[in-house]
2 protein chains.
Amino acid sequence: MAEITIKYLAQKLNLAPSTVSRALNDSHEISDATKMKVLALAEELNFQPNPYARSLREQKSKTIGVIIPERINNFFSQVIDGMESVTRAYGYHLLVYNSNEDTEQEKNILSLLIGGRVDAIVMSISRFDQKSDHIDKLKKRNTPVVFFDRISTNFPTTKFITNDYEVGYQGTVHLIEKGCKKILFLMLSNENSNGIERLRGFKDALKKKNITFEANWVIECSHSDEKNIALLESIFYKLDRPDGVLASVEKLALATYRALSRTHIKIPEQVRVVSFSNMKIADLLHPPLTTISQPAYEIGEECAKLLIKKLTKKNQPDLEDKIVTIPSVFTERESSK
Amino acid sequence: MAEITIKYLAQKLNLAPSTVSRALNDSHEISDATKMKVLALAEELNFQPNPYARSLREQKSKTIGVIIPERINNFFSQVIDGMESVTRAYGYHLLVYNSNEDTEQEKNILSLLIGGRVDAIVMSISRFDQKSDHIDKLKKRNTPVVFFDRISTNFPTTKFITNDYEVGYQGTVHLIEKGCKKILFLMLSNENSNGIERLRGFKDALKKKNITFEANWVIECSHSDEKNIALLESIFYKLDRPDGVLASVEKLALATYRALSRTHIKIPEQVRVVSFSNMKIADLLHPPLTTISQPAYEIGEECAKLLIKKLTKKNQPDLEDKIVTIPSVFTERESSK
DNA sequence: TTTTTATGTGCAATCGTTTCCGAAAAATTA
DNA sequence: TAATTTTTCGGAAACGATTGCACATAAAAA
């Protein structure tokens, strides 16, 4: 019931709290004999130092805050698994928040975290807004921040992404070479950093292949699955329907599948589909989905490694302002045959 | 740079720290005039009380620890989303850990949390072992614990599950009525609480329908997808193959799909499949999968609500030792037509 | 005017650690 | 043996917030 404290151990052993503390932290100024005694009792009583007292004193929490825009998403789950694999090894903890693709929530979470609850922050931003003042505020603090996937381009820190441009290009070329002449580019919101890069790859591929891009090929979708499906249905219902789809986000590929199934349009015979996706069961869809999948676990590991290094080593410089690219992998399946 | 503290505010305003603290906490013994002044300055400087100082003093962290056996899993993601939706409203934080279906890791995580880092724990245990002493240890502590889905039956607290027995029964009856005579029950490990209930429903349904159960219909699978697929392939390769499958876990249904696809056995013509699953795209599989899906979000909400109540209200009794059942929903699709 | 009461504020202790500083005891050197 | 250094430990002050208690001051009652 009554928590076991250092003071209690000290009293039991007829030592000063300072001595016990030092013994537990294996300080060189404590004799081996007393160290043994202290460790033995601590072990016996299953002593765990109070993390909050320690945090208060040391001015660090051994906790990293993570903000993602969506939790029910294989990509983000894998990223967090990757992070946890390294943070746990270093005794760090992960506080994970879901901003639900909502800038307002993101702002609230950020202000929660800024109070000193975490030593560092990892985030994938909900919207790539111009007015990201809540993120800019972070600059004034000395809390290290790292971005991944959906990054804030003008915030000076390290960002982890995949080769969005190249792979957007590659996916588009693939569709064209399969015979597509009119390809839709589906994006979630026109303002995400990676979406923009993927779109750039898309456009450049069209140009390279001498297909003239038309503005209405870019479909800006919402976060509502139902709305997206309805929108796509209306598009595919027309006579001069597209014959290819590059979905920049998994959920849009699924919306496409649903829309095409409702309108009885066949994949890949009538429309070929390629999607960015980290789904593990892309091969079990009907038809199996051609994917561009991101190295999610690895991205998580890298984010965590970088922060742990910054937090645990002495005299580390500020996080370098650069973009680290980890390549995605393209897997061809039935949906684009 | 220098953190803003209550002491700093007090100095700026020519007040005592205690007065500032009381003003911020809206104490009745502070005049409205000074309250205004304090609040104004706090607002202006964007003051956030140090959470660790507060935790130390108040002996509570406003943090709940969550342990799940797997993160890349829609069910658990939904549960956590549900929890977060209520904890955030009350200013509580979520520390989430993945035990990776491993009792050893679970034990380590638990001992991390026990040090007072969290005010309460929510968990879905990795294995239903007899020797769950690491969980029993929690009893001695006064940290409230709640279980969900994979519960520890003999630990006296509130547990949230779904009507595993009924729905296992229902799924089996469904398969039988579709004409199945030899049905496999796929479980992840023979020792999970919910698996056992589902199996009981399975057996009772067979009995009810006058089908004699055979022990080798219960397949205990591992956590390796590849092994499971190979195992299932070998089973379906035989002549007297089963004509139905009830998968107690989503990943086993997927393994079944893969195994059947490799052996060129048709679903549902040759084998009908029903699975417990919270996949959102069960309808996009080939063929669409008949599912029993758990009310994951709601389970998360209920866990959190219960704990928040226990933690925020005065003089709350210990968590009642009972099982709360929230029903699953059965959705028939092509895979069991 | 004096006494009582209500109101507003400050002082100091506390939560459990870590660490600076100093001091005794032991070991080394002169 | 005396002087010096090294080893080992204790005292006390932090870290930043909350809160019991005391003490002013002003308002109300006698």
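In this text, all values refer to a predicted model and were calculated from it rather than measured experimentally. Every chain is numbered from 1 and lettered A, B, ... according to where its sequence line falls, protein lines coming before strand lines.
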Got a donor-acceptor pair under 3.5 Å from the side chain of A:R54 to the base of C:dT17?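 When only heavy-atom distances are counted, A:R54 does not reach the base of C:dT17 through any donor-acceptor pair under 3.5 Å.
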Applying the side chain to side chain donor-acceptor pair (under 3.5 Å) criterion to B:S126, which one of B:E106, B:H223, B:K107, B:R150 satisfies it?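 In the set B:E106, B:H223, B:K107, B:R150, the residue that makes a side chain to side chain donor-acceptor pair (under 3.5 Å) with B:S126 is B:E106.
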Quickly work out the [X] [atom1] to [N] [atom2] distance and round it to whole Å.
X     : N      : atom1 : atom2 : result
B:R22 : D:dT19 : CZ    : P     : 9 Å
A:E58 : D:dA14 : CD    : P     : 17 Å
A:R57 : C:dT18 : CZ    : C1'   : 4 Å
A:E29 : C:dA26 : CD    : P     : 18 Å
B:H28 : C:dT7  : NE2   : P     : 9 Å
B:Y52 : D:dG16 : OH    : C1'   : 14 Å
A:I6  : D:dG11 : CD1   : P     : 15 Å
A:D26 : C:dT18 : CG    : C1'   : 15 Å

Can you tell if the side chain of [X] reaches within under 4.5 Å of the side chain of [Y], non-hydrogen atoms only?
X      : Y     : result
B:K309 : B:Y90 : no
A:L94  : B:V96 : no
A:E301 : A:S85 : yes

Please classify the nucleic acid contact of [X] as base, sugar-phosphate, or nothing, using heavy-atom distances under 4.0 Å.
X     : answer
A:F47 : sugar-phosphate
A:T5  : sugar-phosphate
B:S31 : sugar-phosphate
A:T34 : sugar-phosphate
B:N14 : sugar-phosphate

Side-chain N or O of [X] less than 4.0 angstrom from OP1 or OP2 on [N]?
X     : N      : value
A:N25 : C:dT18 : yes
A:Q59 : C:dT18 : no
B:S18 : C:dC11 : no

How long is the gap from CD1 on A:I80 to SG on A:C303, to the nearest 0.5 Å?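 It comes to 10.5 Å.
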Which nucleotide in the set D:dC9, C:dT17, C:dG10 lies at the smallest distance from any side-chain heavy atom of A:L15? D:dC9
Hey, which sits more toward the 5' end of DNA chain C by its nearest nucleotide, B:I30 or A:T19?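 Checking each residue's closest nucleotide, the 5'-ward one belongs to B:I30.
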B:V20 or B:L56: which one's nearest nucleotide on DNA chain C is closer to the 5' end?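 Its nearest nucleotide lies further toward 5', so the answer is B:V20.
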